[in-house]
Amino acid sequence: MSIEISIIIPTQRRLEGLARAGRSVFVQAGVDPSTLELVVVDNDQTPSAAGVARTLAEEAPFPVRYVHEPAPGVANARNAGMTESQGELIAFLDDDEEAPAEWLAALVSAQRRYEADVVFGPVHARADWDRIGNRVYLERFFSRFGPRESGPIDHYYGCGDSLVRRGALPDPDRPFSAIRNHIGGEDDLLFGAMERAGARFAWAADAWVWEDPAPERLTLRYTALRAFAYGQGASAHCAAAGDRLGVARWMVLGVVQALTFGAYAAVKWIIHSPSFAFSLDIAARGLGKTLWWKPFKIRFYGLTAPAVAQAAS
């Protein structure tokens with residue numbers, strides 16, 4: 001049978017996570033394995049994931065395609081996977097995620113039932129929470145929540161744990177914008193453009209995955225910087241569309257949000273309130289809406305340091 005569904009896992013020096021994510025897609029139930037393929041995109045300058053990809057290919061019940069994309073950047077990695085994949089339906093799984101056996105079938109079922117162009121599923125963050133401060137905030141930050149029931153939705157989420165119909169994309173092979181290579185938000189730009197073009201989005205409540213955040217990310221410093229970058233997305237999105245009024249509106253809202261919740265955060269920090277982190281997050285997003293242009297962009301992707309991890313088997 002021909003390939004109908006391509007599962008794409010972009011990766012950069014997370015060999016243990018890649019092995020876990022890859023093996024989780026081998027045990028998917030309710031889908032015909034003869035219609036599937038796994039595409040592993042190695043976004044390291046040196047092909048550090050090649051060994052893991054070979055091991056996965058030996059274990060897999062369907063074809064595994066290894067793509068080395070040395071040009072750093074999250075958009076480059078996703079585009080390389082799209083170019084090399086064959087399926088009409090594209091499932092994205094991140095290299096820090098693990099999918100239960102019902103994951104893919106739930107995404108496909110929602111896509112067919114609601115005739116959706118893109119389907120999103122929940123993400124449950126997983127860590128040794130008993131040893132980590134600010135557990136409630138961090139667990140929520142690294143998770144994705146949505147409606148309790150599956151159905152059409154009028155907004156979009158991120159690319160990790162999603163199913164995209166290739167025919168609905170503005171460019172079926174390289175739909176992700178390179179201007180977001182290092183800061184992220186390439187999926188927001190794509191899905192925002194699709195929304196304006198009339199794309200249909202759906203939520204698959206049963207298509208959940210685990211996410212294992214890297215230990216170094218489980219800090220308020222990291223999440224505040226990331227929240228700042230998320231805030232930049234709204235203003236930058238309007239700027240990219242030439243909507244100056246929209247940019248001004250987001251910037252004004254951002255100033256109010258940053259000042260108001262910055263003050264709340266300061267007070268809560270002084271009194272040791274457990275909700276301090278939530279106020280800090282909102283303040284950081286507001287500041288991002290205000291300081292959104294190039295000098296303030298923060299680089300999260302496209303690192304060029306040499307790989308140090310060893311292949312997992």
Side-chain angles (χ1 to χ4, degrees), residues 4-10 17 20-33 35-36 38 78 87-127 129 135-169 175 184-188 190-195 197-213 223 226-227 230 233 278 281 285:
E4 297 178 4
I5 305 172
S6 299
I7 304 165
I8 297 178
I9 304 180
R20 183 184 305 111
R23 288 175 176 133
S24 75
V25 306
F26 296 162
V27 295
Q28 294 300 301
V31 289
D32 183 351
T35 66
L36 308 180
L38 171 62
R78 294 198 191 281
E88 169 60 18
L89 296 177
I90 311 295
F92 284 99
L93 189 69
D94 290 343
D95 64 357
D96 58 357
E97 295 178 336
E98 181 179 4
E102 299 79 15
W103 166 69
L104 187 57
L107 285 175
V108 173
S109 175
Q111 190 276 325
R112 291 171 177 169
R113 180 176 181 182
Y114 305 111
E115 299 182 339
D117 297 309
V118 189
V119 181
F120 304 95
V123 176
H124 301 318
R126 181 171 59 182
W129 298 117
R135 169 179 179 168
V136 174
Y137 165 73
L138 290 173
E139 189 171 4
R140 178 174 291 272
F141 184 90
F142 288 101
S143 297
R144 176 197 289 168
F145 301 100
R148 292 186 176 182
E149 302 294 333
S150 299
I153 54 177
D154 59 3
H155 57 283
Y156 51 84
Y157 294 88
C159 209
D161 188 9
S162 68
L163 184 74
V164 180
R165 187 174 66 83
R166 189 187 295 270
L169 294 170
E186 79 295 338
D187 42 6
D188 290 335
L190 172 61
F191 296 144
M194 293 177 68
E195 180 181 46
R200 295 182 294 270
F201 300 136
W203 177 257
D206 296 332
W208 62 273
V209 299
W210 290 113
E211 178 167 322
D212 299 306
T223 58
R226 199 66 197 240
Y230 287 150
F278 290 95
D281 181 287
R285 291 172 193 256

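When reading the values below, keep in mind they use all heavy atoms of this one structure, side chains included, and skip hydrogens, waters and symmetry mates. The first residue in the sequence is number 1, and the count goes up from there. Keep in mind that this is a model prediction, so the values were computed, not measured.
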* State the CG-CD distance between Asp154 and Glu195, to the nearest 0.5 angstrom. => 7.5 Å
* How many angstroms lie between atom CZ of Arg78 and atom CG of Asp187, to the nearest 0.5 angstrom? -> 6.0 Å
* **Expected output: side-chain Arg200 to main-chain Glu115 donor-acceptor under 3.5 Å** => yes
* Indicate the ring-plane relationship of Tyr157 and Trp203, choosing parallel, tilted or perpendicular according to the 30° and 60° boundaries. => tilted
* **Exercise: identify the closest heavy-atom pair between Ala110 and Ala204** => CB-CB, 3.8 Å
* **Verdict with reasoning, Val209 to Asp94, per side-chain contact (heavy atoms from CB on, under 4.5 Å)** => CA-CA 10 Å; Val209 299; Asp94 290 343; over 6 Å; no
* Asked: Are the side chains of Val123 and Glu97 in touch, meaning some heavy atoms are under 4.5 Å apart?
  -> yes
* Asked: For Gly87, does its backbone N or O pair with a side-chain atom of Arg166 as donor and acceptor, under 3.5 Å?
  -> yes
* Nearest-0.5 Å distance that lies between atom CD in Glu211 and atom CD in Glu139 -> 12.0 Å
* Asked: Any side-chain heavy-atom pair from Val136 and Phe278 closer than 4.5 angstrom?
  -> yes
* Asked: Got a second to check how far Arg112's CZ is from Leu107's CG, nearest 0.5 Å?
  -> 11.5 Å
* **Nearest atoms (heavy-atom pairs only) where Tyr114 meets Ser150** => OH-O, 3.3 Å
* **Minimum side-chain heavy-atom gap Trp103-Asp161 below 4.5 Å** => yes
* **Distance, nearest 0.5 Å, that separates CG of Leu93 from CD1 of Ile8** => 11.0 Å
* Rounded to the nearest 0.5 Å, how far does CG of Asp32 lie from CD1 of Ile5? -> 9.0 Å
* Asked: Given Arg144 and Trp208, is the side-chain contact (heavy atoms from CB on, under 4.5 Å) satisfied, shown in steps?
  -> CA-CA 9 Å; Arg144 176 197 289 168; Trp208 62 273; over 6 Å; no
* Asked: Sequence neighbours excluded, which residues qualify as salt bridge (charged side-chain N to carboxylate O under 4.0 Å, His left out) partners of Arg285?
  -> Asp281
* Can you name the nearest heavy-atom pair linking Ala168 to Met194, along with the distance? -> O-CE, 3.7 Å
* Asked: What pair of heavy atoms forms the shortest contact from Ser24 to Ala99, and how long is it?
  -> OG-N, 3.1 Å
* To do: Measure from NZ or CZ of Arg226 to the centre of the six-membered ring of Phe141, then state whether that distance is under 6.0 Å and the direction lies within 45° of the axis.
  => no
* Within 6.0 angstrom of Arg135 CZ, more than 12 heavy atoms from elsewhere -> yes
* Would you check if the side chain of Ser162 reaches a backbone N or O of Phe120 as a donor-acceptor pair within less than 3.5 Å? => no
* **Side-chain (Gln28) to main-chain (Leu104) donor-acceptor, under 3.5 angstrom** => yes
* Asked: With no hydrogens and no angle check, is any side-chain donor or acceptor of Asp117 less than 3.5 Å from a backbone partner on Arg165?
  -> no
* Can you label the angle between the Phe191 ring and the Tyr156 ring as parallel, tilted or perpendicular, going by 30° and 60°? => tilted
